[in-house]
Amino acid sequence: MRPNLIGPYRVLETLGSGGIGTVYRALDARSNEAVALKLLSGGPAMDSRAAKRLVREFETLADLSHPNVVKVYDTGVFQSSPYLVMELIEGLTLREYLSLRGEELLSQASSGSNSKSASGSFLRTQAAASASVSVEGSVSRESASGEAGGGLFDLSAFAEEAPSEDMAAMRFGSSGSAARLPVQMEPWLGSDSDELDPLDFELPYDVAGPGAEPVKRETAARLEELNRPERVGRLKDALLQICEALAYIHAHGLVHRDLKPSNIMVDEDRQVRLMDFGLAKFLADDAGMTLDGRMVGTFRYMSPEQILGEPLDGRSDLYSLGVILYELMTGRPPFDAKSPVDLWHKVLETEPPPVLAINQNGDPQLARVAHRLIRKEPDDRFQTAEEVYEALSE
Ligand SMILES: Nc1ncnc2c1ncn2[C@@H]1O[C@H](COP(=O)(O)OP(=O)(O)OP(=O)(O)O)[C@@H](O)[C@H]1O
């Protein structure tokens with residue numbers, strides 16, 4: 001049940017839930033300022049002393065300040081669960097943002113919908129995750145399922161990563177076998193493992209062929225959509241901002257560890273904000289596991305060294321950025337599998353299809369960057385976010 005009051009914060013609505021907790025839109029009763037409050041209820045059960053210790057560690061996040069990093073204002077404990085109070089971002093996840101057409105952004109600016117800000121930009125609503133965005137800038141679950149008609153843009157092709165990848169869906173035990181993996185796993189608890197690939201299409205090597213099946217023609221249209229110059233321009237701009245944010249947090253000795261499209265939001269001024277950085281560090285030891293055996297991080301975006309439980313540095317985040325870029329260029333993840341263990345074997349032992357083999361008209365510069373980011377050996381990748389920034393700016 002949604003609490004009404006968490007510390008001095010009046011809870012207004014639920015913005016969404018992830019693997020380790022729930023994010024609420026709340027009002028600071030002292031200042032009347034709207035904030036986002038993340039209550040870590042989905043994590044390991046902890047007593048109030050452990051929660052307080054975690055909160056003290058979170059406090060270091062409040063010292064960080066960068067235009068592309070969500071500001072942490074406050075931390076606290078509510079009924080033995082730690083919470084973080086953050087800047088409320090009125091915007092869309094990166095994937096949703098890139099799915100909008102330029103003219104849609106403009107049409108939102110000129111229409112008078114309630115769901116827009118005074119400046120006419122898009123706003124995020126409660127139902128945004130895994131849903132679709134309408135021309136009015138509101139978010140519609142109907143359109144995600146294709147039930148809604150004219151005027152709505154179906155973003156289901158860019159749906160957020162499947163819930164099966166949430167860290168809460170995985171536990172590790174002592175049985176089973178998984179060669180080269182740092183841990184062995186008990187049955188995977190997620191029931192929707194085959195939802196890993198949001199687009200669910202085959203490799204379209206012959207997308208433009210005369211005898212192409214209907215599904216392949218649709219694929220070609222989708223790829224064309226991904227290659228719209230205006231979209232590619234926005235993608236590059238967003239990537240540059242992500243690089244700036246990563247350079248900043250890495251310079252502060254932090255590794256994000258859970259970089260994924262739903263942790264990247266774009267606000268109404270098209271400013272990118274990284275969220276949830278550092279949380280994983282406090283919730284896990286170096287092997288990426290919490291005390292009760294849950295894995296920290298979202299499977300699809302995990303670097304090989306994170307899978308192997310090795311110590312991580314900023315280059316692990318660069319790998320995750322590469323997976324995001326690969327997906328945003330091809331509409332599918334570089335490695336697809338029916339279960340996390342299969343996925344991990346592929347990540348560790350196989351090479352993904354070239355971006356330009358899937359999307360022949362994709363931007364070659366971006367494709368090069370994506371492939372260098374997802375090299376298995378950290379030494380073979382770009383070494384810093386600054387280097388990625390430079391490669392994108394060439
Ligand atoms: N500062 C914020 N401002 C506005 N919305 C936010 C903010 N932080 C999180 N959200 C939204 O709240 C929802 C839940 O976020 P949360 O971080 O719990 O989930 P997640 O990122 O999907 O999963 P995970 O816990 O695995 O990182 C998401 O839709 C997210 O975009």
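Read the numbers this way: they start at 1 and go in the same order the structure lists the ligands and their atoms. Position 1 is the first residue of the sequence; numbering continues from there.
- For ligand 1, none of its N or O atoms has an N or O atom of Ser17 under 3.5 Å away.
- Within the 4.0 Å heavy-atom criterion, neither part of Arg273 lies near ligand 1.
- The ligand atoms of ligand 1 that sit less than 4.0 angstrom from a heavy atom of Lys38 are 16 (P), 17 (O), 18 (O), 25 (O).
- Here is the list of ligand 1 atoms found below 4.0 Å of a heavy atom in Gly21: 18 (O).
- Comparing Glu90, Lys260, Arg25, Met275 by heavy-atom distance to atom 8 (N) of ligand 1, the nearest is Met275.
- In terms of polar-atom proximity, Glu87 is counted as a contact of ligand 1, with an N or O under 3.5 Å from an N or O of the ligand.
- Looking at Val23 against ligand 1, only its side chain comes within 4.0 Å, counting heavy atoms.
- Taking every non-hydrogen atom of Ala36 and a distance limit under 4.0 Å, the qualifying atoms of ligand 1 come out as 1 (N), 2 (C), 3 (N).
- The side chain to side chain donor-acceptor pair (under 3.5 Å) test with Lys38 singles out one residue from Thr22, Thr75, Asp276, and that residue is Asp276.
- At under 3.5 Å, a nitrogen or oxygen of Asp276, whether backbone or side chain, sits near a nitrogen or oxygen of ligand 1.
- Taking every non-hydrogen atom of Leu15 and a distance limit under 4.0 Å, the qualifying atoms of ligand 1 come out as 4 (C), 5 (N), 12 (O).
- Ring orientation note: the planes of His66 and Tyr248 are tilted relative to one another, at an angle of 30° to 60°.
- Remark: ligand 1 and Ile89 share an N or O pair separated by less than 3.5 Å (distance only, no angle test).
- For the residue pair Tyr73/Asp28, the side-chain donor-acceptor check at 3.5 Å is not satisfied.
- In this structure, the ring of Phe335 has its center no less than 6.0 angstrom from the ring center of Trp344.
- Not a single donor-acceptor pair under 3.5 Å links the side chain of Arg10 to the backbone N or O of Leu27.
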Test salt bridge (charged side-chain N to carboxylate O under 4.0 Å, His left out) on Arg231 and Glu224; report intermediate values, then the result. CA-CA 11 Å; Arg231 178 186 184 273; Glu224 218 171 280; over 6 Å; no
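- Asn4 CG: 12 or fewer foreign heavy atoms inside a 6.0 Å radius.
- The minimum heavy-atom distance linking Arg257 with Leu312 is given by the pair CG-CD1, 3.9 Å.
- In Asn263, the part holding a heavy atom less than 4.0 Å from any atom of ligand 1 is the side chain.
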